[in-house]
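Below: the structure, in structure tokens.
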Amino acid sequence: MSASKLNPLQPRTPLPSQVVKDDEGALVAAAKGGDITAFETLVGRYERKIFRLAQNITQNKEDAEDVMQEAFLKSYQHLGEFQGNSRFYTWLVRIAVNQALMKLRKRRPNQVSLDEEVDTGEDTMPREVEDWGPSPEERYKQSELGGILSSTIAELEPPFRIVFQLRDIEELSTEETAEALGLSIPAVKSRLLRARLKLRQKLNRYFRQGETS
Amino acid sequence: MNCKSIVKEISNYLEEALDPSLKSSIEKHLENCEDCRVVVDTTRQTIQIFCNSEPAPLPEDTRQRLRDALFKHLNKLRT
């Protein structure tokens, strides 16, 4: 293996949906002033991402639809409180996460407590150690890959799944994630590490070299 | 530095959140440990694959139904 492959996270080319468009501030300002068309543009820009976030947290399609609806509605109602200290999307994600957690707790009242101690099992060494080859993403069609990723993340327990969703999919900072979930920073870090290792292990069955779709 | 401590530091290593001496100890270990190299590399790929993934489009009927309901509520709020 070449040394260059060992480098830390290489800079990623942002996807179109991840680019903060220059007009976001103007759209938010217009929506605050009552321009519903501006708000509709924001909804169109983020509805797919918010739906995926809600689906990944609740693991239920109907709940995810409700969460998306409620998140946009609440964001519109409370737009006046948005100070612009963070991206509008980050603020929206926090609203959606709160709604999704409420749904999840309603469905599984005894199983979902984010603030309790969880066994992060950091002493467990990864068992399957096989190279994936240069680009596993290119071996699958986008829809197939999407199916693999959503079924893989669904296998994680909520405390790990939700932290991974916020940090590595929505790209919130550790501090923003801790604040959104009411967790300490060390708790976010240890859950994130465990989630990453668990997902790596689960993806191994699809991506190890020699494995094809 | 042993394999167990490498695993504990994977997140910090990948996020470049380590002091230079710890980073260099990790890299020294990685030069000689094939298993840890693979774990670090596949963990990095795991994060990138999820982060780069695009959400699936919403089915058009679902999207339209949700939009209609949302804007019905929003219009009520405005009046």
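Proteins come first, then strands; the chains are lettered A, B, ... in the order of their sequence lines, and each starts at number 1. Note that these values count all heavy atoms, side chains included, but never hydrogens, waters or copies made by symmetry.
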For chain B, which of [options] has the most heavy-atom pairs under 4.5 Å?
options                             : answer
A:Leu192, A:Val43, A:Leu149         : A:Leu149
A:Ile36, A:Leu203, A:Leu145         : A:Ile36
A:Gln142, A:Glu40, A:Met68, A:Gln77 : A:Glu40

Counting only heavy atoms from other residues, nucleotides and ligands, does the tally under 6.0 Å from [atom1] of [X] exceed 12?
X        : atom1 : answer
B:Glu60  : CD    : yes
A:Lys202 : NZ    : yes
A:Glu155 : CD    : yes
A:Glu62  : CD    : no

Hey, are the side chains of [X] and [Y] touching, using non-hydrogen atoms and a 4.5 Å cut-off?
X        : Y        : answer
A:Glu137 : B:Gln45  : no
A:Leu193 : B:Ser11  : yes
B:Thr42  : A:Glu130 : no

Open item on the list: Salt bridge check, B:Glu15 against A:Arg196: does any charged N sit closer than 4.0 Å to a carboxylate O?
Closed with: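 Counted as a salt bridge, because a side-chain N and a carboxylate O are separated by less than 4.0 Å.
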
With a 4.5 angstrom heavy-atom cut-off, could you sort out which part of [X] is near chain B: side chain, backbone, both or neither?
X        : answer
A:Lys61  : side chain
A:Phe72  : both
A:Leu199 : both
A:Gln55  : neither

Open item on the list: Taking side chain as everything from C-beta outward and backbone as N, CA, C, O, which of these in B:Ala69 sits under 4.5 Å from a heavy atom of chain A? Side chain, backbone, both or neither.
Closed with: both

Open item on the list: Has A:Arg48 got a side-chain atom pairing as donor or acceptor with B:Pro55's backbone, closer than 3.5 angstrom?
Closed with: yes

Open item on the list: For A:Arg52 and B:Ser53, which I'm curious about, is there any donor-acceptor pair between the side chains at under 3.5 Å?
Closed with: yes

Atom pair [atom1]/[atom2] of [X] and [Y] - distance to nearest 0.5 Å:
X        : Y        : atom1 : atom2 : value
B:Thr46  : A:Gln201 : OG1   : CD    : 10.0 Å
A:Glu65  : B:Arg63  : CD    : CZ    : 13.0 Å
A:Asp168 : B:Phe50  : CG    : CZ    : 9.5 Å
B:Glu54  : A:Ser143 : CD    : OG    : 13.5 Å

Open item on the list: If you compare all heavy atoms of B:Ile49 against all heavy atoms of A:Phe207, which two are closest, and at what distance to 0.1 Å?
Closed with: CD1-CE1, 3.5 Å

Open item on the list: So which atom in A:Gln69 and which in B:Leu66 form the shortest heavy-atom distance, rounded to 0.1 Å?
Closed with: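 In terms of heavy atoms, the two residues are closest at OE1-O, 3.1 Å.
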
Task: Audit row: A:Trp132, B:Asp41, side chain to side chain contact (heavy atoms under 4.5 Å, CB included) steps and yes/no - done: CA-CA 9 Å; A:Trp132 290 355; B:Asp41 192 48; over 6 Å; no

